[in-house]
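These numbers were taken from a predicted model, which means no experiment stands behind them.
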Amino acid sequence: MPKSTPHRLPDQLRPNLRLVFVGTAASTRSAALGHYYAHPGNRFWRAIHEAGITPRRYQPGEFAALLELGIGFTDLSKSGAGMDHQIAAETIDVAGFRAKIEKYRPKTIAFTSKKAASLFYGKPSSVISLGRQPSDGSLPEIFVLSSPSGAASGHWTLEPWQELAKWIGTQGERA
């Protein structure tokens, strides 16, 4: 990775997306390849297809194509890379993430791990539940998904991903 590149993965954001996936930071593999959820052991691409969020199984290198489906990507740390416990706390930019949400106003945000959600909410992961979160009306709808990382296999469940698919499906009917 060239030292002149502060962001490991580019944001894939534009106004009024129906869904934005939010991770903690790029994995080492994703940062090296420049693709979201690029590690072969990561379940992300399979999960969004199996849950019904995408019409087919996309490959990590096709992440930009999901903008055409109204789906974007970002991370809480745009300069860190690695597993969650390897990400330096000072690289986590919750205020920057909130500013992106204000600017682009997505309809739904989906954190791809309890860790990412815990950093956003400032609460321990243990008190955050999977699935749709209570809304205070000031933010888009927020979902917390089970981590698709191979390192989190013991905690994997497709259910919150399916709940998200059902939710965004009903939003399309109301639009």
Side-chain angles (χ1 to χ4, degrees), residues 1-14 17 19-45 47-48 60 63-64 66-67 71-157 160-161 163-164:
M1 201 77 207
K3 289 202 184 314
S4 63
T5 307
H7 291 67
R8 301 299 184 127
L9 282 174
D11 284 333
Q12 291 292 298
L13 298 170
R14 68 176 187 210
L17 289 169
L19 174 61
V20 172
F21 286 107
V22 185
T24 305
S27 70
T28 306
R29 174 85 176 237
S30 289
L33 293 175
H35 305 151
Y36 282 88
Y37 306 99
H39 192 282
N42 194 298
R43 293 180 179 86
F44 179 84
W45 298 101
I48 62 173
F63 72 91
L66 272 67
L67 278 174
I71 298 171
F73 296 91
T74 191
D75 294 300
L76 295 178
S77 171
K78 295 307 292 180
S79 58
M83 296 178 73
D84 284 352
H85 71 275
Q86 298 170 316
I87 307 303
E90 63 270 14
T91 70
I92 302 296
D93 185 8
V94 173
F97 170 69
R98 285 183 177 269
K100 291 174 199 176
I101 297 309
E102 281 296 313
K103 179 179 179 180
Y104 295 107
R105 317 242 2 117
K107 293 177 178 58
T108 306
I109 299 166
F111 289 104
T112 58
S113 70
K114 285 176 120 184
K115 176 64 173 180
S118 77
L119 291 166
F120 175 75
Y121 285 117
K123 298 178 182 176
S125 298
S126 60
V127 301
I128 294 174
S129 59
L130 294 174
R132 190 170 168 203
Q133 303 299 299
S135 176
D136 66 3
S138 68
L139 292 166
E141 291 297 327
I142 297 176
F143 280 75
V144 177
L145 305 173
S146 51
S147 174
S149 169
S153 292
H155 303 285
W156 173 252
T157 175
W161 297 77
E163 180 187 351
L164 171 62

Could you walk me through whether F97 and F120 pass the ring-ring contact (aromatic ring centres under 6.0 Å, His included) check?
CA-CA 9 Å; F97 170 69; F120 175 75; 5.6 Å; yes

Non-neighbouring partners of Y104 that pass ring pair (Phe, Tyr, Trp, His ring centres under 6.0 Å), sequence neighbours left out
none

Mind checking what makes side-chain contact (heavy atoms from CB on, under 4.5 Å) contact with A47, not counting sequence neighbours?
W156, L158, W161

How about K100 and L13: do any of their side-chain heavy atoms sit closer than 4.5 Å?
yes

With sequence neighbours left out, the residues meeting side-chain contact (heavy atoms from CB on, under 4.5 Å) with S118 are K115, S125, I128

I'd like to check the salt bridge (charged side-chain N to carboxylate O under 4.0 Å, His left out) partners of R98; sequence neighbours left out, ordered by chain and number.
none

Is the shortest side-chain heavy-atom distance between Q133 and F143 below 4.5 Å?
no

For the CD1 atom of I92 and the CG atom of L76, what is their distance to the nearest 0.5 Å?
6.0 Å

side-chain contact (heavy atoms from CB on, under 4.5 Å) filter on A25, not counting sequence neighbours, yields S77, I87

If you look only at pairs with a residue in residues 117-131, which of them pass as a salt bridge (charged side-chain N to carboxylate O under 4.0 Å, His left out), with sequence neighbours excluded?
none

Sequence neighbours excluded, every pair satisfying salt bridge (charged side-chain N to carboxylate O under 4.0 Å, His left out) that has a member inside residues 133-156
R132-E141

Taking side chain to side chain donor-acceptor pair (under 3.5 Å) as the test, write out the residues that go with S149, two or more places apart.
none

Are L66 and F73 close enough, and set up right, to give a side-chain contact (heavy atoms from CB on, under 4.5 Å), and what steps lead you there?
CA-CA 9 Å; L66 272 67; F73 296 91; 4.0 Å; yes

At their closest point, which heavy atom of L9 faces which heavy atom of D75, and how far apart are they?
CD1-OD2, 4.1 Å

Is the shortest side-chain heavy-atom distance between I101 and P140 below 4.5 Å?
yes

Enter the distance from I71:CD1 to I48:CD1 here, rounded to the nearest 0.5 Å.
6.0 Å

What's the separation between atom CD in Q86 and atom CG in D84, rounded to the nearest 0.5 Å?
9.0 Å

Heavy atoms of A81 and S27 approach each other most closely as CB-O, 4.3 Å

Identify, with sequence neighbours excluded, every residue that meets salt bridge (charged side-chain N to carboxylate O under 4.0 Å, His left out) alongside E102.
R105

Set of side-chain contact (heavy atoms from CB on, under 4.5 Å) partners for D93, sequence neighbours left out
A95

Taking the side chain as C-beta and beyond, is there a heavy-atom pair between S113 and L145 under 4.5 Å?
no

Using the salt bridge (charged side-chain N to carboxylate O under 4.0 Å, His left out) rule, collect all pairs that involve residues 23-44, keeping only residues at least two apart or in two chains.
none

Pairs flagged by side-chain hydrogen bond (donor to acceptor under 3.5 Å, both in side chains) wherever residues 32-42 is involved - sequence neighbours left out:
Y36-K78, Y37-T112

Which value, rounded to the nearest 0.5 Å, describes the distance between T108 atom OG1 and L17 atom CG?
10.5 Å

With a 3.5 Å distance limit and no angle check, can you tell me whether S146 reaches the backbone of H155 through a side-chain donor-acceptor pair?
no

How long is the gap from OG1 on T74 to CD on Q12, to the nearest 0.5 Å?
9.5 Å

Within the structure provided, determine whether F21 and F44 are in side-chain contact (heavy-atom separation under 4.5 Å).
yes

To check you understand the geometry: which heavy-atom pair defines the closest contact between V22 and A116, and what is its length?
O-CB, 4.1 Å

